[in-house]
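Single-structure report; data block below.
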Amino acid sequence: MRAGQQSKYRWMGISLGLSIVLLVLKFTAYFLTYSTAILSDAVESIVNVIASGFAFYSIYLAGQPRDHNHPYGHGKIEFLSSGFEGAMILSAGLVIIWQAILSFFDPKPLSNLDWGLCWLA
Ligand SMILES: [Zn+2]
């Protein structure tokens with residue numbers, strides 16, 4: 001494995017790890033506060049985790065040498081990965097819009113704002 005490739009993997013791993021940590025923090029903040037704004041942020045974090053995971057895998061695949069089935073190599077997977085990430089962001093957007101509509105018509109009082117904000121700060 002080339003050195004450049006290896007540090008790519010390391011950064012992807014760090015990116016994936018950080019997005020999982022953020023995801024957990026944001027969902028905890030949401031369950032403390034029931035704030036829709038925080039929930040949108042948390043949903044967006046799920047997208048980041050899945051997209052990072054997929055990007056990780058596609059970078060791995062793109063680094064594979066050409067083979068019988070793929071005589072031009074595996075670089076094209078990166079386009080697929082970008083398309084996938086776009087689709088994920090779009091669906092997160094729809095979930096967030098849906099949540100916003102729900103809580104507009106059925107607002108829940110915000111709770112534990114002090115704790116929730118501490119958590120995010
Ligand atoms: Zn192949």
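All ligand and atom numbering here is 1-based and tracks the order in the structure. Residue indices begin at 1 and follow the sequence shown. Keep in mind that the numbers below use all heavy atoms, side chains included, and drop hydrogens, waters and symmetry copies.
The name of the N, O or S atom in His70 nearest to the Zn ion (ligand 1) is ND1.
Among the atoms of His68, none of the N, O or S atoms falls under 2.8 Å from the Zn ion (ligand 1).
For Phe27, there are no ring-ring contact (aromatic ring centres under 6.0 Å, His included) partners at least two apart in sequence or on another chain. With sequence neighbours left out, Phe79 forms a ring-ring contact (aromatic ring centres under 6.0 Å, His included) with no residue at all.
Taking the Zn ion (ligand 1) as the apex, the angle formed with NE2 of His74 and OD2 of Asp67 is 100°, to the nearest 10 degrees.
Between Arg66 and Pro71 the shortest side-chain heavy-atom distance does not fall below 4.5 Å.
No more than 12 heavy atoms of other residues, nucleotides or ligands sit less than 6.0 Å from atom OH of Tyr34.
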